[in-house]
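Starting from 1, each residue takes its place in the sequence as its number.
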Amino acid sequence: MIQHKFHEQGDFGSLHQIRIDSKAIEVVIDFWGKGWIGLSIYDFGKDDYVLNELVDPKEEKRKESLIKQVEDYLSSELCINLKISK
């Protein structure tokens with residue numbers, strides 16, 4: 001399931017939150033109005049976070065790298081859970 005939530009007031013300004021839930025993982029991406037980005041991936045099989053980062057607005061390269069990491073993880077999880085070969 002994919003959800004979008006908006007909060008006008010948060011720790012770093014307004015917040016757009018994207019949440020992707022499945023039986024295997026939970027991915028949360030927070031886009032803060034002041035430029036911060038929060039990225040987390042929780043793996044229920046491992047009972048642990050695979051990724052849990054809050055990125056400063058000035059760290060553009062790090063943001064790009066972590067977003068790519070989330071994309072890659074989602075892609076691999078989707079292929080595994082749907083038994084699709086890459």
Side-chain angles (χ1 to χ4, degrees):
M1 175 175 25
I2 300 173
Q3 296 177 324
H4 170 261
K5 293 183 181 179
F6 176 74
H7 304 278
E8 281 191 40
Q9 297 295 323
D11 295 336
F12 302 104
S14 61
L15 168 66
H16 283 275
Q17 184 179 73
I18 308 298
R19 176 181 237 104
I20 302 167
D21 291 309
S22 74
K23 291 179 182 177
I25 61 171
E26 175 187 75
V27 177
V28 179
I29 306 171
D30 294 330
F31 297 97
W32 296 94
K34 293 184 179 178
W36 291 80
I37 292 181
L39 301 157
S40 68
I41 301 172
Y42 189 85
D43 187 313
F44 293 110
K46 295 177 182 177
D47 194 26
D48 199 6
Y49 282 94
V50 175
L51 177 71
N52 192 12
E53 300 279 338
L54 180 62
V55 186
D56 186 291
K58 298 172 189 165
E59 297 182 81
E60 284 301 319
K61 293 277 187 200
R62 188 160 171 245
K63 283 183 195 178
E64 292 172 17
S65 173
L66 289 171
I67 288 172
K68 175 76 171 117
Q69 200 175 333
V70 170
E71 289 173 349
D72 291 346
Y73 195 85
L74 282 172
S75 178
S76 68
E77 282 300 306
L78 182 62
C79 289
I80 290 166
N81 290 327
L82 297 179
K83 298 179 182 169
I84 300 171
S85 61
K86 284 188 171 184

Honestly curious: do Phe12 and Ile37 fall in one hydrophobic cluster under the side-chain, below-4.5 Å linking rule?
no

Nearest heavy-atom approach of Trp32 to Gly13 is CE3-O, 3.7 Å

Self-check item: Shared hydrophobic cluster for Val27 and Leu66 (ILVMFWY, side-chain gaps under 4.5 Å)
Solution: yes

For this session: Answer yes or no: is there a side-chain heavy-atom contact under 4.5 Å between Asp56 and Trp36?
Result: yes

When every non-hydrogen atom of Arg62 is compared with those of Leu54, the smallest separation belongs to NH1-O, 3.9 Å

One should read off an interatomic distance between His4 NE2 and Arg19 CZ, to the nearest 0.5 angstrom, of 13.0 Å

d(Ile20 CD1, Gln3 CD) to nearest 0.5 Å is 10.5 Å

Q | Intermediate values then yes/no, side chain to side chain contact (heavy atoms under 4.5 Å, CB included), Leu51 and Tyr73 | A | CA-CA 10 Å; Leu51 177 71; Tyr73 195 85; over 6 Å; no

Hydrogens and angles aside, do Asp43 and Tyr49 bring a side-chain donor and acceptor to less than 3.5 Å of each other? no

Does Ile29 share a hydrophobic cluster with Val55, counting links as ILVMFWY side-chain heavy atoms below 4.5 Å and allowing steps through other members? yes

Between Lys34 and Pro57 the two heavy atoms that sit nearest each other are O-CG, 3.3 Å

Problem - Heavy-atom check, side chain of Glu26 versus side chain of Phe44, under 4.5 Å - result: yes

Rounding to 0.5 Å, atoms CD (Glu53) and CD (Gln69) come to a distance of 7.5 Å

Discussion item. Test of understanding: clusters of I, L, V, M, F, W, Y form through side-chain heavy atoms closer than 4.5 Å, transitively. Do Ile41 and Leu39 belong to the same one?
Written reply: yes

Tyr42 and Ile25, any side-chain heavy atoms less than 4.5 Å apart
no

CD1 (Ile2) and CD1 (Ile18) are apart, to the nearest 0.5 Å, by 8.5 Å

Value for NZ (Lys5) from CG (Asp30), rounded to nearest 0.5 Å, stands at 10.5 Å

